[in-house]
Colleague: 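Encoded as structure tokens, here's the structure I'll be asking about.
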Amino acid sequence: EIGSTQLVSNVRFVADSGTSTLTAPKSVVEKIATMIGAKQLLPGRYTVDCSKVAQLPELHINLNGNKFTLQGSDYVINDENVECILGIMGLELPPQLGEILIMGDVFM
């Protein structure tokens with residue numbers, strides 16, 4: 001959730017240290033990108049103005065009743081203030097798998 005906006009509910013998650021970003025369904029990533037003013041770089045990938053990272057809203061993640069809070073500096077990958085990439089990538093899985101969030105390095 002960002003602010004009072006719940007983005008997903010009742011989804012499964014996988015912790016994966018081999019994935020550098022968080023992944024979520026593309027529609028969820030699009031909502032997040034819109035809410036924080038990110039610009040699309042490639043399909044499912046977004047950039048953020050590096051000068052605004054400190055002012056980005058907190059992203060709250062509730063996993064099995066445990067709440068984790070990520071600051072903008074946690075979920076945006078800053079490449080020496082040259083380019084800042086939203087560390088949340090859109091990923092569509094086959095419908096029979098349902099919605100799954102992959103909690104990569106950005107989360108850990």
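Each residue takes its place number in the sequence, starting with 1. Since the model is a prediction, treat every value here as computed from it, not as a measurement.
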Colleague: Do Ile77 and Thr21 have side-chain heavy atoms sitting under 4.5 Å apart?
Modeller: yes
Colleague: I need the Asn78 CG to Ser73 OG distance, nearest 0.5 Å.
Modeller: 9.5 Å
Colleague: Do Val14 and Phe107 share a hydrophobic cluster, counting only Ile, Leu, Val, Met, Phe, Trp and Tyr and linking them when any side-chain heavy atoms are less than 4.5 Å apart?
Modeller: no
Colleague: Taking C-beta and beyond as the side chain, do Ile36 and Tyr75 meet within less than 4.5 Å on heavy atoms?
Modeller: yes
Colleague: When you compare the side chain of Pro43 with that of Gln40, does any pair of heavy atoms fall below 4.5 Å?
Modeller: yes
Colleague: Do Met35 and Leu7 make a side-chain contact, defined as non-hydrogen atoms from C-beta onward lying under 4.5 Å apart?
Modeller: yes
Colleague: Provide the closest heavy-atom pair for Ala38 versus Val48 in the form atom of the first, atom of the second, distance.
Modeller: CB-CG2, 4.0 Å
Colleague: Distance from Gln6 atom CD to His60 atom NE2, nearest 0.5 Å?
Modeller: 12.5 Å
Colleague: Once you round to the nearest 0.5 Å, how far does NZ of Lys39 lie from OG1 of Thr34?
Modeller: 9.5 Å
Colleague: Other residues, nucleotides and ligands only: do more than 12 of their heavy atoms fall within 6.0 Å of CD on Gln55?
Modeller: yes
Colleague: Please tabulate, for side-chain N and O atoms in residues 84-106, each donor-acceptor pair with protein atoms closer than 3.5 Å (sequence neighbours left out).
Modeller:
from  : atom 1 : to    : atom 2 : distance (Å)
Glu92 : OE2    : Lys26 : N      : 2.7

